[in-house]
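These numbers come from the heavy atoms of this one structure, side chains and all, not from hydrogens, waters or symmetry mates. Heads up: numbering here begins at 1 and tracks the sequence.
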Amino acid sequence: MFNNYKKALSLFTAVFIAAGSLFSGLSVYADEPTREDINAARMAMSASTDSIPGWPEAPKVCSESAVLMDADTGVILYSKNADVIHYPASTTKVMTCLLAAENCSLDEIVTFSHEAVYGIDRGSSNVGIDEGQAMTMEEALYCVMLASANEVASAVAEHVGGSIEHFAEMMNERAAELGCTNTHFVNANGLPNDEHLTTAHDLALITRAFNNNETLRRIAGTNHYRVEASVSQPDTFDLANHHKMYPGNNYAYEYITWGKTGYTNVARSTLVTCAEKNGMNLVCTIMKCEPTYQYTDTTELFEYGFNNFQKLYVSDNEDSFNIVSSDFFDTESSIFGSTKSLLELDSSGYCIIPNTASFDDLTYDISYDTEDPQDIAKINYSYEGVYVGGTSLRLLDSGTHEFSFGTASVSGNVEPVGNTQTDNEEKQKVIYVNIKTVIIIGIVAAVILIIILVLWLLFRKNSYSNRRRRNILKRNRRYGSEFDDFDF
């Protein structure tokens, strides 16, 4: 009987404790902010770009940090808590695939180690590859970018870096090269780690580099992909892109080119996306957002960028750096008739500015630290102190034309047009000239002429002196002692 009483007391105590814990948990939960509260607080955070005079007013977004950047120039159109450090989750894999593409060929074979398969959190994203199986690097990249497969990301890291630890070092080195200042990676898949961190701005820089790789854009921009069975991997399976802004999805956006999702409990939703419209190519990075607002935030920011900014090519609007040489070179002379200016603005350089601004509103500075030997200087433009793009001042290619008198000789990038007798007669009237060569030859010829002139003057002076001496001697012989004391 005592034992029954003891059991009953124990059961009552257990139930009482459980009930207390439940009510305590409910009390704590009641004190926690709801998702709506979190979104409202984050929407109240202002974008730093709103402080730029004349800049378009930005939309309110639910993400704690976000950046909208031009993919080619790096011009920032929208910035909110851009340098606040967050967990990147699976957007880490953008860097993983970038390093793989930069260091490997697509047909290399990636073999799965025990660590790659079993070193990930159980239940995290995977495609079910077993230890010892293998696939091509191309198939691996599809698995990583579309299905966010963690075991495949680890296998790729081991293949490229020899170990996940060394690959993480490579990731950090590459991030620094790209200009990242607040990024530190410790794994290839983005699973939670207190030292695995980045920012919305740094993530945008990494995304830009990924976007510059045509192969990676093709892979990441695929909505569905089938991995075929092989001798080293016996299963055929289909991959569906986790990103929900592709066609056919609930948050489809017609201008999307590619993107990558991420989510962990500590990171919340993270997202990187690229979109292109009317020749403008934009990158959007979202960090620490409640699902599924990362998609609506991204769409709002893309629309903000495409609708409020314009792309102006510098060469079409700038005349301060053009050398107007037509008055000197474009003459009827057959020597200079076809010669162009020696310098030009790179026609691909552009600026992105608000629709309400004009090119005349921009200021510029010049840098002579250029990587391309053909570039003379780099011209950077700013609007209200904010960098908005630029271009290069370049030397024209002077080696594309040769000339011979009587017949035009064409080489390099210039091709003759037509093959009729009339065309040939017209060609015979054209002489292509390398103006640099003409100038150099002229300088050399001038130096030679000056040397000849100097030598001739010296010779003439010596000749005159000798003639005068002979005349004096003659007179001395003729007049005898009259010149005995003459000092020669």
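- Side-chain N/O atoms of His201 and Ser79 include no donor and acceptor closer than 3.5 Å.
- Ion pairing between Arg174 and Glu102 holds under the 4.0 Å rule for side-chain N and carboxylate O.
- By the 4.5 Å heavy-atom criterion applied to side chains, Ser348 and Thr391 are not counted as neighbours.
- Asp238 places none of its side-chain heavy atoms less than 4.5 Å from the side chain of His224.
- In this structure, Lys244 forms no cation-pi arrangement with Tyr251, as its terminal cationic atom is not both closer than 6.0 Å to the ring centre and no more than 45° off the ring axis.
- Checking Leu345, Asp346, Asp365 one by one against Ile379, the side chain to side chain contact (heavy atoms under 4.5 Å, CB included) holds for a single residue, Leu345.
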Legend entry - Pair Asp107-Ser105, side-chain hydrogen bond (donor to acceptor under 3.5 Å, both in side chains): steps then yes or no: CA-CA 6 Å; Asp107 57 358; Ser105 61; 2.7 Å; yes

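- Between the side chains of Asp202 and Thr183, at least one donor-acceptor pair of N or O atoms lies under 3.5 Å.
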Inset, instruction - Given side-chain hydrogen bond (donor to acceptor under 3.5 Å, both in side chains), test His159 with Thr111 step by step and report yes or no. - result: CA-CA 8 Å; His159 180 85; Thr111 302; over 6 Å; no

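- A donor-acceptor contact under 3.5 angstrom links the side chains of Ser113 and Glu158, judged on distance only.
- Thr270 places none of its side-chain heavy atoms less than 4.5 Å from the side chain of Pro88.
- For an aromatic pair to be called close, the ring centres must be under 6.0 Å apart, and Trp258 with Phe210 satisfies this.
- Closest of all the heavy-atom pairs between Glu139 and Glu228 is OE2-O, 4.2 Å.
- When ring centroids are compared, Tyr295 and Tyr293 stay outside the 6.0 Å threshold.
- Considering every non-hydrogen atom in both Ser48 and Ser51, the closest pair reads O-OG, 2.7 Å.
- Residue Val186 forms a side chain to side chain contact (heavy atoms under 4.5 Å, CB included) with just one option from Leu197, Asp194, Asn193, and that option is Asn193.
- Partner Leu216 forms a side chain to side chain contact (heavy atoms under 4.5 Å, CB included) with one of Leu98, Val94, Asn211 and no other, that one being Leu98.
- The backbone N or O of Met245 sits nowhere less than 3.5 Å from a side-chain atom of Asn249 that would complete a donor-acceptor pair.
- Aromatic ring centres of Tyr381 and Phe359: separated by under 6.0 Å.
- The closest side-chain heavy-atom distance from Ile376 to Arg394 is not below 4.5 Å.
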Inset, instruction - Show your working on side-chain hydrogen bond (donor to acceptor under 3.5 Å, both in side chains) between Tyr350 and Asp70 and close with a plain yes or no. - result: CA-CA 11 Å; Tyr350 64 89; Asp70 179 64; 2.7 Å; yes

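- In terms of heavy atoms, Asp361 sits closest to Ala357 at OD2-CA, 3.5 Å.
- Remark: side-chain polar atoms of Asp375 are not paired, donor with acceptor, to backbone N or O of Ser392 under 3.5 angstrom.
- Side-chain contact check for Ile366 versus Lys378: every heavy-atom pair is 4.5 Å or farther apart.
- With Asn223 contributing its side chain and Pro247 its backbone, the two residues share a donor-acceptor pair below 3.5 Å.
- Each of Leu191, Asn189, Val144 was checked for a side chain to side chain contact (heavy atoms under 4.5 Å, CB included) with Ser154, and the lone residue meeting it is Asn189.
- More than 12 heavy atoms of other residues, nucleotides or ligands sit less than 6.0 Å from atom CG of Asp316.
- The existence of a salt bridge linking Arg42 and Glu64 is confirmed by a sub-4.0 Å separation between a basic side-chain nitrogen and an acidic carboxylate oxygen.
- Annotation: Glu177, atom CD; neighbour count of heavy atoms from other residues, nucleotides and ligands within 6.0 Å is above 12.
- Each of Tyr78, Trp55, Phe302 was scored for a ring-ring contact (aromatic ring centres under 6.0 Å, His included) with Phe309, with one residue passing: Trp55.
- Checking side-chain atoms of Asn172 against main-chain N and O of Phe185 turns up a donor-acceptor pair under 3.5 Å.
- The shortest heavy-atom contact between Met170 and Leu99 is C-CD1, 3.8 Å.
- A donor and an acceptor atom, one from each side chain of His196 and Thr92, are located under 3.5 Å apart.
- Using a 3.5 Å distance cut-off with no hydrogens or angles, the side chains of Asn150 and Lys93 do pair a donor with an acceptor.
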Inset, instruction - Evaluate the side chain to side chain contact (heavy atoms under 4.5 Å, CB included) criterion for residues Cys97 and Tyr142: first the C-alpha distance (whole Å), next the side-chain angles of each, then the deciding distance (0.1 Å), finally the verdict. - result: CA-CA 10 Å; Cys97 292; Tyr142 275 109; over 6 Å; no

Inset, instruction - Begin from the C-alpha positions of Thr222 and Asn241 and carry the test side chain to side chain contact (heavy atoms under 4.5 Å, CB included) through to its verdict. - result: CA-CA 7 Å; Thr222 302; Asn241 202 315; 5.8 Å; no

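- At a cut-off of 3.5 Å, with distance as the only test, no side-chain donor of Ser125 or Ser148 sits close to an acceptor on the other residue.
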Inset, instruction - For the pair Leu203 and Val272, evaluate side chain to side chain contact (heavy atoms under 4.5 Å, CB included) and give the outcome as yes or no after the intermediate values. - result: CA-CA 8 Å; Leu203 191 55; Val272 300; 3.5 Å; yes

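- A donor-acceptor pair under 3.5 Å is formed between the side chain of Tyr246 and the backbone N or O of Gly259.
- Looking at Met171 and Thr96, their side chains come closer than 4.5 Å, going by heavy atoms from C-beta outward.
- Annotation: the span from Thr34 atom OG1 to Glu290 atom CD amounts to 10.0 Å, rounded to 0.5 Å.
- When all heavy atoms are compared, the tightest approach of Val127 to Glu151 is N-OE2, 3.0 Å.
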Inset, instruction - Apply salt bridge (Lys or Arg N to Asp or Glu O under 4.0 Å) to the pair Arg218 and Glu138, showing each step before the final yes or no. - result: CA-CA 11 Å; Arg218 170 178 59 82; Glu138 182 174 19; 3.4 Å; yes

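- With Asn187 contributing its side chain and Gly190 its backbone, the two residues share a donor-acceptor pair below 3.5 Å.
- Of the possible donor and acceptor atoms, none in the side chain of Thr261 sits under 3.5 Å from a partner among the backbone N and O of His243.
- Shown here is Glu214, whose CD atom has no more than 12 heavy atoms of other residues, nucleotides or ligands within 6.0 Å.
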Inset, instruction - Tell me, with the steps shown, if Thr199 and Thr181 meet side chain to side chain contact (heavy atoms under 4.5 Å, CB included). - result: CA-CA 9 Å; Thr199 67; Thr181 55; over 6 Å; no

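- Closest approach of Val67 and Ala204 over heavy atoms only: CG1-CB, 4.1 Å.
- With a 4.5 Å cut-off on side-chain heavy atoms, Asn126 and Ile120 count as touching.
- Between Met69 and Leu282 the shortest side-chain heavy-atom distance does not fall below 4.5 Å.
- In this structure, Glu195 places its CD atom where only 12 or fewer heavy-atom neighbours from other residues, nucleotides or ligands lie under 6.0 Å away.
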